[in-house]
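These numbers come from the heavy atoms of this one structure, side chains and all, not from hydrogens, waters or symmetry mates.
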Amino acid sequence: GCGVSNLKNLQIFDRWGSVIYSKSDFDYSDAQEFWDGRIGGKVATSDVYLWQVEMELVDGSTRLLFGNVGLVR
(Lines give C-alpha, C1' and ligand atoms only; values in the text may rest on other atoms or scores of the structure.)
Protein backbone atom coordinates (compact mmCIF):
# COMPACT_ATOMS: atom_id res chain seq x y z
CA GLY A 1 0.00 0.00 0.00
CA CYS A 2 3.02 2.30 -0.24
CA GLY A 3 4.13 4.07 -3.44
CA VAL A 4 7.48 3.70 -5.16
CA SER A 5 9.85 6.64 -4.81
CA ASN A 6 12.91 5.24 -6.60
CA LEU A 7 14.12 2.20 -8.49
CA LYS A 8 17.53 1.58 -6.99
CA ASN A 9 18.68 -1.35 -9.08
CA LEU A 10 17.44 -3.36 -12.05
CA GLN A 11 19.25 -6.42 -13.34
CA ILE A 12 18.46 -8.83 -16.16
CA PHE A 13 20.10 -12.27 -16.19
CA ASP A 14 20.39 -14.97 -18.82
CA ARG A 15 19.47 -18.56 -17.98
CA TRP A 16 23.01 -19.26 -16.75
CA GLY A 17 22.94 -16.41 -14.25
CA SER A 18 25.14 -13.94 -16.12
CA VAL A 19 24.09 -10.30 -15.82
CA ILE A 20 23.19 -9.06 -19.30
CA TYR A 21 21.75 -5.69 -18.25
CA SER A 22 22.13 -3.57 -15.13
CA LYS A 23 20.88 -0.08 -14.31
CA SER A 24 20.94 1.87 -11.05
CA ASP A 25 18.95 4.88 -9.81
CA PHE A 26 16.95 5.69 -12.91
CA ASP A 27 13.70 7.35 -13.91
CA TYR A 28 11.17 4.51 -13.94
CA SER A 29 8.62 6.69 -15.75
CA ASP A 30 10.89 6.72 -18.85
CA ALA A 31 10.46 3.46 -20.82
CA GLN A 32 13.81 4.04 -22.58
CA GLU A 33 15.60 3.51 -19.26
CA PHE A 34 14.62 -0.18 -19.21
CA TRP A 35 16.17 -3.15 -21.03
CA ASP A 36 15.58 -2.95 -24.78
CA GLY A 37 16.02 -6.67 -25.52
CA ARG A 38 19.62 -6.37 -26.65
CA ILE A 39 22.78 -7.98 -25.31
CA GLY A 40 26.02 -6.20 -26.09
CA GLY A 41 24.26 -4.12 -28.74
CA LYS A 42 22.92 -7.18 -30.57
CA VAL A 43 19.31 -8.35 -30.58
CA ALA A 44 18.88 -11.03 -27.89
CA THR A 45 17.59 -14.45 -28.89
CA SER A 46 14.15 -15.70 -27.94
CA ASP A 47 14.53 -17.16 -24.47
CA VAL A 48 13.46 -16.78 -20.87
CA TYR A 49 15.36 -14.09 -18.95
CA LEU A 50 15.30 -13.42 -15.22
CA TRP A 51 14.87 -9.98 -13.72
CA GLN A 52 15.46 -8.52 -10.27
CA VAL A 53 14.57 -5.03 -9.11
CA GLU A 54 15.30 -3.27 -5.83
CA MET A 55 12.93 -0.40 -5.16
CA GLU A 56 12.69 2.23 -2.47
CA LEU A 57 9.20 3.04 -1.21
CA VAL A 58 8.00 6.46 -0.11
CA ASP A 59 8.06 5.32 3.53
CA GLY A 60 11.84 4.69 3.23
CA SER A 61 11.66 0.89 3.18
CA THR A 62 13.04 -1.19 0.31
CA ARG A 63 11.62 -4.16 -1.55
CA LEU A 64 13.39 -6.73 -3.71
CA LEU A 65 11.23 -8.24 -6.43
CA PHE A 66 12.16 -10.81 -9.05
CA GLY A 67 10.64 -12.88 -11.80
CA ASN A 68 11.10 -13.92 -15.40
CA VAL A 69 10.16 -12.67 -18.81
CA GLY A 70 9.88 -14.59 -22.06
CA LEU A 71 11.40 -12.78 -25.01
CA VAL A 72 9.76 -13.84 -28.27
CA ARG A 73 11.01 -12.66 -31.64
Name the atoms and distances for all side-chain donor-acceptor pairs under 3.5 Å in residues 50-72, with sequence neighbours left out.
from	atom 1	to	atom 2	distance (Å)
D59	OD1	S61	N	2.9
D59	OD1	S61	OG	2.7

Inset, instruction - Verify the cluster assignment for F34 and F13: are they in a single hydrophobic cluster under the rule of side-chain heavy atoms below 4.5 Å apart? - result: no

Legend entry - Listed partners of D14 passing side chain to side chain donor-acceptor pair (under 3.5 Å), at least two apart: none

Legend entry - Pairing residues for K23 by the salt bridge (Lys or Arg N to Asp or Glu O under 4.0 Å) criterion, not counting sequence neighbours: E33

Inset, instruction - Name all residues meeting the salt bridge (Lys or Arg N to Asp or Glu O under 4.0 Å) criterion together with R15; count only those two or more places apart in sequence or in a different chain, and write none if there are none. - result: D47

Inset, instruction - Work out which heavy atom in S46 is nearest to a heavy atom in R73; give both atom names and the distance. - result: OG-N, 2.9 Å

Inset, instruction - Using side chain to side chain donor-acceptor pair (under 3.5 Å) as the criterion, list what pairs up with T45, not counting sequence neighbours. - result: none

Inset, instruction - First locate atom CG of D25, then atom CG of L10, and finally report the distance between them rounded to the nearest 0.5 Å. - result: 11.5 Å

Legend entry - Which residues share a salt bridge (Lys or Arg N to Asp or Glu O under 4.0 Å) with D36, sequence neighbours left out: R38

Inset, instruction - Apply side chain to side chain donor-acceptor pair (under 3.5 Å) to S24 and list each qualifying residue two or more places apart in sequence or on a separate chain. - result: N9

Legend entry - Listed partners of Y49 passing ring-ring contact (aromatic ring centres under 6.0 Å, His included), at least two apart: W35

